[in-house]
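Report on one structure; see the data block that follows.
Numbering of ligands and ligand atoms starts at 1, following listing order.
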Amino acid sequence: MSSIYSSVIFRYGLSNFVYPIRFSSRAQNNKTGVLSISEENFPPSGFMKDLDSPPGRMSTLSEKRNNGSDGESMRDAIEERIFDFSPSSINQSNHIKKTGFRARPKLASAHAVLSSKLEDPVNMQTNAYEEAEDMKPEPLEHFCMDPLPIPAGETTKDKDIEEQKVKERVTASENLVEEGSKVVLNAATRKSLWRSKIELRERLKEGMRGRLEASLESIDEGNEGDFSNKRLHRKKSWGSRQRNTQPLGSSRDGEHYVEESMEKDGEEELVPHPVLSRVLFHSSTSSSSSFNNSSAESDEVFSENEDTVARRQTMRKCRSWRTFLTMMQWSKCTPSSWIQLAGHQGIQDFDPDHTFTFYQNPSGYRCKIDLCIYFVSALSVSSILKTENEFCMFCLGNVRLSEGGEVLKRFCEVEAICLQALMSDALCQFVPHYFGHISQDGERYIRLKDLLSGLKNPVIMDCKMGVRTYQEEEIIKARSNASIRSDMYQKMVKVDPAAPTAEEHAQKGVTKLRYLQWRDDSSSTSSLGFRIEGIVMGNGKVLREFYKTRTEAQVTETLLNFTRRQVHILEAYESRLQALNEALKESSFFNRHEIIGSSLLFVHDCSSKANIWMIDFGKTIPTPVDVQLRHDVPWVEGNREDGYLIGLTSLITLLGEAIKQAGEQS
Ligand SMILES: Nc1ncnc2c1ncn2[C@@H]1O[C@H](COP(=O)(O)OP(=O)(O)OP(=O)(O)O)[C@@H](O)[C@H]1O
Ligand SMILES: O=P(O)(O)O[C@@H]1[C@H](O)[C@H](O)[C@@H](OP(=O)(O)O)[C@H](OP(=O)(O)O)[C@H]1O
């Protein structure tokens with residue numbers, strides 16, 4: 001029998017995808033979501049003490065929910081069941097949807113994810129566009145759930161009896177849900193349900209601690225000296241990383257000064273955060289190549305070379321899970337309309353009480369739960385999650401919603417410098433306002449205007465511009481030090497099993513450069529100078545399977561679907577791109593920069609607002625002084641041309657074609 005505790009994984013189609021999830025356990029504890037794990041950090045209570053303050057907005061919403069009705073609480077109780085993993089629970093979830101309880105279109109059960117098969121991208125897109133009409137967006141308040149007060153007193157001495165009671169209460173609550181009847185819970189029942197959850201979790205924690213102690217002993221025995229050295233090294237690295245970070249120049253609006261002084265007062269001290277520093281050191285380099293232009297750390301993590309076995313042995317003891325950590329905080333109150341459409345992704349899990357990491361390598365899935373490492377097959381992942389309960393699995397990108405109409409993007413000096421320059425360039429009206437940077441919880445972020453704020457059920461499309469998505473430096477690096485990425489190999493095989501060479505199949509890995517080149521060639525990047533990365537429909541449905549959208553006809557069809565053939569939206573986009581074309585001619589920034597991997601973000605909504613923005617300058621670098629870029633000629637190695645204008649011209653042409661076709665049909 002499965003538990004009422006929820007474990008959720010979010011993934012769309014074949015791609016892992018970032019999306020804010022409501023965390024039931026977090027809601028209960030009223031804590032923000034941060035994963036922090038290491039042998040030194042245990043027990044978890046140590047790490048939790050630093051994370052006790054919820055963000056302001058969440059607190060406000062918490063109060064609101066605390067005063068909520070019994071009906072809302074019932075809904076919350078039912079939601080616990082929606083994300084169960086068993087096939088029956090998936091059916092149950094559908095049943096709940098039909099009977100009027102809320103659906104979460106962007107969340108899929110782990111079971112569904114793990115059994116997902118390669119779908120035909122074209123069919124999938126068509127279906128998704130069709131489904132989009134039927135689905136209603138979720139109201140904002142549904143993303144909040146806050147705890148009922150834990151009743152005081154009432155302790156039971158006999159643990160067995162108590163445990164039995166807990167199980168009964170949990171079962172009873174499931175039955176309530178399964179019946180699907182409109183049961184109104186009174187306050188006492190709610191308290192009882194809530195208490196049973198807490199108690200069951202305590203039991204699980206106790207069991208976990210036992211296993212952890214055993215695991216700790218074995219790790220300590222085998223690895224103590226080595227581990228201490230690594231620890232020391234990491235601490236040093238962290239310190240030097242902080243020292244080497246150059247502050248940005250002052251911002252025009254002065255807000256920047258405030259941020260910098262904040263950092264001096266707190267985060268920029270050389271003493272690392274007691275809990276997060278080591279993890280952050282790794283996470284900040286591992287998840288984003290935008291930070292260092294090469295994803296060196298993530299390359300390393302996914303590499304499989306000759307000494308794989310030896311490395312795995314070492315990693316198994318002390319390193320593997322930590323290296324791959326990506327850490328960000330998500331407010332559980334994120335509006336449903338906001339989503340990171342493109343960007344670096346990695347599977348990540350956490351739970352506030354247990355520390356949990358999950359990822360893939362060629363040998364299968366690997367889970368680290370607190371200190372225990374599990375090597376598991378894909379199919380057993382769902383059962384592990386079920387057993388351990390309360391683990392939330394999700395994928396993180398570099399961008400997250402912040403407060404006050406801003407988003408935060410993980411700090412990248414290259415990008416920050418570009419944004420700073422763009423604020424006073426002819427292109428400034430095409431770039432989200434840059435508010436400087438900020439440090440939060442030991443991590444630095446770029447503050448940008450949220451381009452979706454004020455839009456009602458926005459429809460979004462991310463187009464990556466240019467005829468290539470790798471820098472010339474990445475080619476040079478790949479020649480001298482080509483690490484092998486198994487994650488990229490897996491992505492490649494899913495899209496086209498015949499794409500890897502025999503050698504790549506044998507090593508179950510490809511270099512990042514090879515993957516990026518394959519992406520460029522199999523999509524429209526190389527031929528049209530841009531590609532569609534992803535689309536979010538007005539109901540929040542995410543479409544990311546555009547790997548093989550390459551021809552003009554395919555792109556035009558996608559543009560028509562994206563805009564639902566609304567001529568006025570297509571025309572608004574076309575005229576915005578023409579204005580951008582003009583601004584680029586005036587732009588000294590454009591004149592002096594090689595723009596790689598940058599996107600145009602198309603956004604419109606049901607009130608016919610439409611706009612296009614330039615985003616993502618993590619791989620945009622100044623051209624050498626002796627090079628004058630044209631941006632509209634093919635790239636050959638050494639000429640540094642990015643083909644930005646080739647892409648822009650193609651987009652304008654294809655929008656024109658879409659307008660024509662939409663006009664003819666209407
Ligand atoms: N200012 C913004 N307002 C709203 N959404 C944004 C904003 N900036 C980025 N996003 C969302 O986040 C996604 C990723 O942003 P961005 O491309 O800057 O990140 P990245 O991690 O550098 O991506 P990549 O891996 O493609 O280089 C975009 O597709 C968009 O959906
Ligand atoms: O297109 P996909 O399948 O989403 O693959 C990602 C995409 O190509 C990004 O452009 C790339 O980041 P950069 O170009 O910024 O390096 C990222 O590399 P990463 O995994 O090293 O972050 C890839 O995983």
Side-chain angles (χ1 to χ4, degrees), residues 14-19 285-302 326 328 335 337-346 395-402 405-412 414-415 418-419 431-435 446-455 458 460-466 468-471 473-474 477 483 485-492 494-495 510-520 522-523 525 531-536 542 544-547 596-603 611 613-620:
L14 300 173
S15 306
N16 302 315
F17 202 83
V18 60
Y19 192 75
T285 50
S286 71
S287 69
S288 169
S289 58
S290 295
F291 295 170
N292 54 13
N293 298 336
S294 66
S295 283
E297 187 77 11
S298 57
D299 279 1
E300 186 191 339
V301 171
F302 287 108
T326 298
M328 286 181 81
S337 63
W338 196 89
I339 196 157
Q340 175 171 342
L341 187 48
H344 305 276
Q345 294 147 42
C395 307
L396 293 174
N398 291 328
V399 186
R400 69 178 172 111
L401 188 65
S402 181
E406 289 181 23
V407 297
L408 300 182
K409 180 170 178 183
R410 216 117 42 113
F411 185 81
C412 160
V414 170
E415 182 159 33
C418 287
L419 287 164
V431 178
H433 191 83
Y434 169 57
F435 298 102
I446 282 166
R447 293 169 55 204
L448 291 171
K449 180 179 161 41
D450 176 11
L451 300 172
L452 307 185
S453 78
L455 296 183
I460 314 159
M461 177 171 72
D462 183 308
C463 286
K464 199 166 265 200
M465 299 300 291
R468 62 187 161 104
T469 57
Y470 47 90
Q471 296 169 316
E473 285 72 11
E474 289 181 85
K477 188 189 157 214
S483 43
R485 296 274 299 258
S486 59
D487 62 319
M488 290 182 160
Y489 167 79
Q490 282 161 7
K491 285 199 275 187
M492 194 187 237
K494 275 182 182 166
V495 176
V510 294
T511 64
K512 178 169 177 176
L513 179 64
R514 158 85 168 116
Y515 177 78
L516 296 184
Q517 285 173 335
W518 168 77
R519 283 282 280 129
D520 293 354
S522 48
S523 69
T525 289
R531 73 168 173 249
I532 296 169
E533 280 280 287
I535 288 176
V536 182
V542 182
R544 271 182 61 88
E545 308 300 312
F546 297 102
Y547 288 81
I596 303 296
S598 177
S599 290
L600 287 179
L601 197 69
F602 290 62
V603 291
N611 216 333
W613 302 92
M614 294 174 79
I615 60 164
D616 195 358
F617 301 96
K619 286 168 83 169
T620 294

Could you work out, for [atom], the closest of [options] by heavy-atom distance?
{"atom": "atom 5 (O) of ligand 2", "options": "Arg519, Glu533, Lys491, Arg485", "result": "Lys491"}
{"atom": "atom 9 (C) of ligand 1", "options": "Ile615, Leu448, Leu408, Val407", "result": "Ile615"}
{"atom": "atom 23 (C) of ligand 2", "options": "Glu474, Gln471, Met488", "result": "Met488"}

Got a second to check how far [X]'s [atom1] is from [Y]'s [atom2], nearest 0.5 Å?
{"X": "Arg514", "Y": "Met488", "atom1": "CZ", "atom2": "CE", "answer": "12.5 Å"}
{"X": "Tyr489", "Y": "Thr511", "atom1": "OH", "atom2": "OG1", "answer": "14.0 Å"}
{"X": "Gln490", "Y": "Lys494", "atom1": "CD", "atom2": "NZ", "answer": "7.0 Å"}
{"X": "Ile446", "Y": "Cys418", "atom1": "CD1", "atom2": "SG", "answer": "9.5 Å"}
{"X": "Leu448", "Y": "Lys409", "atom1": "CG", "atom2": "NZ", "answer": "8.0 Å"}
{"X": "Phe546", "Y": "Arg531", "atom1": "CZ", "atom2": "CZ", "answer": "12.5 Å"}

Residue part near ligand 1, for Asp450, under 4.0 Å between non-hydrogen atoms =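 Near ligand 1, Asp450 shows its backbone as well as its side chain.
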What atoms in ligand 1 come closer than 4.0 Å to a heavy atom of Asp462?
->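 Going through ligand 1 atom by atom, the ones under 4.0 Å from Asp462 are 28 (C), 29 (O).
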For ligand 1, which atoms sit closer than 4.0 Å to a heavy atom of Lys409?
->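 Under 4.0 Å from Lys409, ligand 1 has these atoms: 16 (P), 18 (O), 19 (O), 20 (P), 22 (O).
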Would you call Ile460 a ligand 1 contact, heavy-atom distance under 4.0 Å?
->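 Checking ligand 1 against Ile460, which is what was asked, there is no heavy-atom contact under 4.0 Å.
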Measuring from the heavy atoms of Lys464, does anything fall under 4.0 Å of ligand 1?
->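 True for this residue.
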Atoms of ligand 2 close to [X] [distance to a heavy atom under 4.0 angstrom, numbered from 1]:
{"X": "Lys464", "value": "9 (C), 10 (O)"}
{"X": "Lys619", "value": "13 (P), 14 (O), 15 (O), 16 (O)"}
{"X": "Arg544", "value": "4 (O)"}
{"X": "Lys512", "value": "13 (P), 16 (O), 18 (O), 19 (P), 21 (O)"}
{"X": "Tyr547", "value": "3 (O)"}
{"X": "Tyr515", "value": "2 (P), 3 (O), 5 (O)"}
{"X": "Leu516", "value": "8 (O)"}

State, to 0.1 Å, how close Leu452 and Ile460 come at their nearest heavy-atom pair, and which atoms those are.
->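 So the minimum-distance heavy-atom pair works out to CD1-CD1, 3.5 Å.
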Which heavy atom of Trp518 sits nearest a heavy atom of Val495, and at what distance?
->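 Taking Trp518 first and Val495 second, the nearest heavy atoms are CH2-CB, 3.7 Å.
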Using distance alone, decide if ligand 1 has a nitrogen or oxygen within less than 3.5 Å of any nitrogen or oxygen in Pro432.
->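 No; every N/O pair is 3.5 Å or more apart.
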Below 3.5 angstrom, do we get any N/O pair linking Asp616 and ligand 1?
->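 Such a contact does occur with ligand 1.
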Non-hydrogen atoms of Tyr470 versus ligand 2: any pair closer than 4.0 Å?
->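 Under 4.0 Å: no for Tyr470.
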Heteroatom distance test (Asp487, ligand 2): nitrogen or oxygen, under 3.5 angstrom =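 Among all N and O atoms of Asp487, none is under 3.5 Å from an N or O of ligand 2.
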Residue from Val407, Val431, Leu419, Asp462 passing side-chain contact (heavy atoms from CB on, under 4.5 Å) with Ile615 |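 Only match with Ile615 under side-chain contact (heavy atoms from CB on, under 4.5 Å): Asp462.
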Determine yes or no for a side-chain-to-main-chain donor-acceptor pair under 3.5 angstrom, with [X] supplying the side chain and [Y] the backbone.
{"X": "Glu415", "Y": "Phe617", "answer": "yes"}
{"X": "Lys619", "Y": "Thr469", "answer": "yes"}
{"X": "Arg468", "Y": "Tyr470", "answer": "yes"}

